[in-house]
There are 2 protein chains.
Amino acid sequence: MTAASRRRIPEATVARLPLYYRALMETGERQVATISSERLAELAGVNAAKVRKDLSYLGSYGTRGVGYDVEYLLHEISRELGLTRDWPVAIVGIGNLGRALANYRGFGARGFRVEVLIDADPALVGHRIGELAVVSIDDLDEVVREHSIAIGILATPASAAQDVADRLVAAGVTSILNFAPAVCSVPEGVSMRKVDLAIELQILSFYQLRRATSGATPPRERAG
Amino acid sequence: MTAASRRRIPEATVARLPLYYRALMETGERQVATISSERLAELAGVNAAKVRKDLSYLGSYGTRGVGYDVEYLLHEISRELGLTRDWPVAIVGIGNLGRALANYRGFGARGFRVEVLIDADPALVGHRIGELAVVSIDDLDEVVREHSIAIGILATPASAAQDVADRLVAAGVTSILNFAPAVCSVPEGVSMRKVDLAIELQILSFYQLRRATSGATPPRERAG
DNA sequence: CCGAGCTTGTGCACGCGTTCTCAAAGTGTG
DNA sequence: CACACTTTGAGAACGCGTGCACAAGCTCGG
Ligand SMILES: NC(=O)c1ccc[n+]([C@@H]2O[C@H](COP(=O)([O-])OP(=O)(O)OC[C@H]3O[C@@H](n4cnc5c(N)ncnc54)[C@H](O)[C@@H]3O)[C@@H](O)[C@H]2O)c1
Ligand SMILES: NC(=O)c1ccc[n+]([C@@H]2O[C@H](COP(=O)([O-])OP(=O)(O)OC[C@H]3O[C@@H](n4cnc5c(N)ncnc54)[C@H](O)[C@@H]3O)[C@@H](O)[C@H]2O)c1
């Protein structure tokens, strides 16, 4: 049975699968063979009933009275998340943030191989970051196609975000992770996730203020 | 009427207020006096009815047949988000990511002043990043209290995250933005938001895979 | 082979958030 | 001043996600 043939997986569940994946990886390293939903919930920081419901969307992989086989579950989640294969990734905008991302080892460990670095600054083009040389934005289309890049990371200033997103999409990229604080739209059939640190800080500020002026408590958890 | 005296604002709304804030800032710079919910929705990338409902939680600031006064609305949202004051911020873990954050100008522009940089590496302590010298983790408590830091940014390896979070909380920090890919808990009365880039990529990977194997489309928007 | 003890899988109720819809309330033109 | 037009604000219905609660199913000791 292929990943796509199963019943639809709720978005909230998809966002939690990586948490289970991480928890199971750590558990597997400790040579633990099976794990209960309660234990997994604890490691992932969620509710046990939620774990069971989430996993039930993937199929019935648990054994009542015993729990889930760590290795098997890990394999099923990997398959579902597409972590059994490598994804070539391009980063566009090699400034402060882009460089940090390019130097980060944690991505490769999960199968996301940064293969292409792109920037518009001529002074930066040709410059090496780790093993990779920065490529000109003029060559975006060519180099993205060459490496069959499906996932692009956008770390340019906000003003360039929509333009770069359009170019990435035109070059065949169908998933974009956007760090630029800008509303940026992509056509149907392309995914875009936004990470906006200023927004995160402003949300924290909101609850911080509420705490200062009243006894209001922020919600304990949030959707990813 | 103080921010806290009004009716409870849904979390989803709080997460969108920064979007409206940004859109209104850009609109205000163009000398536009009023804005309709429809236009604001377009700029923020959301639904117009949602904009109206969100803003109605803050009070009735619109004029029927006209729209919202840009300056006034901006002021109200700023007040609600706590952006009328400055928040001193500390960054702990001055590696790849911590450095990028420390060098980022966008935070100061919104009232988040990075005043303290903390790391455990003796080779890094004393080293200057921009205007700031890196302080030892041993002095965390002292320096955090000295600067009345309320918001902490956690950019250490995952293994140190819980320990650092505990220290921050002990020193009086009540809001934490966590970049470490680790489940990390804080006591009641402290907010913690998590930004996990590997999870974002894995979610993209999930929908990427679905698109490849079937015609399944990812959801168009998500909760912040 | 039976019964005690665990743990999964899911039906169900509830609450939150989204969106449709429309009356109410404003503007402005003749 | 009346009427056409615009836009807000909120009621209501709906859908999704969460978490309780429990039957079903497995293990293991005796
Ligand atoms: N640095 C941070 O910690 C941080 C934090 C939050 C958000 N951000 C956001 O991330 C983005 C990048 O931040 P940064 O600090 O790295 O900025 P930066 O100015 O250091 O880097 C931006 C890079 O993008 C390149 N660029 C500009 N236009 C381009 C284009 N059209 N095509 C390709 N490359 C182009 C520039 O040459 C530069 O190298 C910004 O949108 C910023 O708001 C950064
Ligand atoms: N760099 C990235 O682009 C990136 C992307 C995604 C996630 N992350 C996560 O962000 C975190 C930081 O990443 P990085 O690439 O900057 O790592 P890094 O190794 O470059 O930097 C980590 C820094 O934390 C310091 N540190 C370690 N233990 C500490 C402690 N107990 N107290 C204070 N400081 C301590 C280290 O001395 C080092 O300077 C990691 O958890 C990483 O997984 C980073």
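Just so it is clear, the values below take in all heavy atoms, side chains as well, and ignore hydrogens, waters and symmetry mates. Residue numbers begin at 1 in each chain, while the letters A, B, ... track the order of the sequences.
- Residue-level contact check: Arg16(A) touches the backbone only, with heavy atoms under 4.0 Å from sugar-phosphate atoms and none from bases.
- Taking atom CG of Asn47(B) as the reference point, atom P of dT8(D) lies 13 Å away to the nearest angstrom.
- If you measure from atom CG of Asp54(A) to atom C1' of dT8(C), you get 14 Å, rounded to the nearest angstrom.
- Judged by closest nucleotide on DNA chain D, Thr13(A) is the one of Thr13(A) and Thr63(A) placed further toward the 5' end.
- Checking side-chain atoms of Ser78(B) against main-chain N and O of Leu74(B) turns up a donor-acceptor pair under 3.5 Å.
- If you check distances only, the side chain of Lys53(B) does reach the base of dT19(C) with a donor-acceptor pair under 3.5 Å.
- Between dT27(C), dG17(C), dG9(D), one nucleotide has an atom nearer to the side chain of Ala12(B) than all others, and that is dG17(C).
- Rounded to whole Å, atom P of dT27(D) lies 13 Å from atom CG of Asp69(A).
- In this structure, Arg64(B) atom CZ and dT27(C) atom C1' are separated by 14 Å, rounded to whole Å.
- Ionic pairing of Arg16(A) and Glu11(A) is not present here: no N-O contact between side-chain nitrogen and carboxylate oxygen is shorter than 4.0 angstrom.
- Remark: P of dC16(D) and OH of Tyr57(A) are 10 Å apart, rounded to the nearest angstrom.
- Using modelled atom types, one side-chain atom of Arg211(A) and one backbone atom of Thr174(B) make a donor-acceptor pair closer than 3.5 Å.
- The side chain of Tyr68(B) contributes no N or O atom lying less than 4.0 Å from OP1 or OP2 of dG26(C).
- A donor atom on one side chain and an acceptor atom on the other are not found under 3.5 Å apart for Arg110(A) and Ser205(B).
- Of the two residues near DNA chain D, Pro10(A) and Arg52(A), the one whose nearest nucleotide lies more 5' is Pro10(A).
- Side-chain nitrogen and oxygen atoms of Ser37(B) include at least one within less than 4.0 Å of the OP1 or OP2 phosphate oxygen of dT8(D).
- Following rounding to the nearest Å, Arg39(B) (CZ) and dT6(D) (C1') show an atom-to-atom distance of 17 Å.
- One N or O on the side chain of Ser36(A) and one on the backbone of Arg39(A) form a donor-acceptor pair closer than 3.5 Å.
- Distance, Glu38(A) CD to dC6(C) C1': 11 Å, rounded to whole Å.
- The OH atom of Tyr20(B) sits 14 Å away from the C1' atom of dT8(D) (whole-angstrom rounding).
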